[in-house]
Amino acid sequence: MIAAFWAVAPGWLVALAACAATLPSWVSLAGAAAGAPRLNGGPAGKTERCLLAVVAAATGWYAAVLAVLAAGSAATALLRGARLWRELGAADRAGSAAPYGATPPSAAPSAAATGGTR
């Protein structure tokens, strides 16, 4: 959706907003890969980013909205990252070898032990 702004806004700003808009999802996925629940929401979550694109199209304030989208996406990624840092750190301090119910690698049965292949 953001790529459509190439025709009406500075290319560097469109590229910046497009890259920044991916950050919240990457942070959430990294947290999920580490064993935390997938986070949603924030100042510029998916719904808010879509709303900003509609506002830009309706008003013609392309550059301003793309700047807000980039800053909001970065803020959302930082807030999610801080929350994941706290949650995963709390699980680690509590002595959990596998936060949020993940199976530690040493507890997973090997292929040889199960008689199959992985």
Does Ser73 have any side chain to side chain donor-acceptor pair (under 3.5 Å) partners at least two apart in sequence or in another chain, and if so, which? none
Can you check whether Gly41's main-chain N or O pairs, donor with acceptor, with Arg80's side chain at less than 3.5 Å? yes
Using the rule that Ile, Leu, Val, Met, Phe, Trp and Tyr join whenever any side-chain heavy atoms are under 4.5 Å apart, tell me whether Val8 and Ile2 fall into a single cluster. yes
Mind checking the CG-CH2 spacing from Leu13 to Trp6? Nearest 0.5 Å is all I need. 9.5 Å
Is there a path from Trp61 to Leu52 through hydrophobic residues (I, L, V, M, F, W, Y) whose side chains come within less than 4.5 Å of each other? yes
Output yes when a side-chain donor or acceptor of Ser28 lies under 3.5 Å from a complementary backbone atom of Leu39, and no otherwise. yes
Taking the side chain as everything from C-beta on, heavy atoms only, tell me whether Thr76 gets closer than 4.5 Å to Leu23. no
Contacts of Arg83 meeting side chain to side chain donor-acceptor pair (under 3.5 Å) (sequence neighbours excluded), chain-then-number -> Glu87
What one should report as the nearest heavy-atom pair of Ala75 and Pro43 is CB-CG, 4.3 Å
Got Pro24 and Arg49 here, is their nearest side-chain heavy-atom distance under 4.5 Å? yes
Determine the minimum heavy-atom distance between Phe5 and Val14, stating which atoms define it. O-CG2, 3.6 Å
Contact summary for Gly31 and Leu84, nearest pair of heavy atoms: CA-CD1, 3.6 Å
Same apolar cluster (I L V M F W Y, side chains within < 4.5 Å links), Leu69/Val55: yes
Tell me the closest heavy-atom pair linking Tyr62 and Ala9, and the distance in Å. CB-CB, 4.2 Å
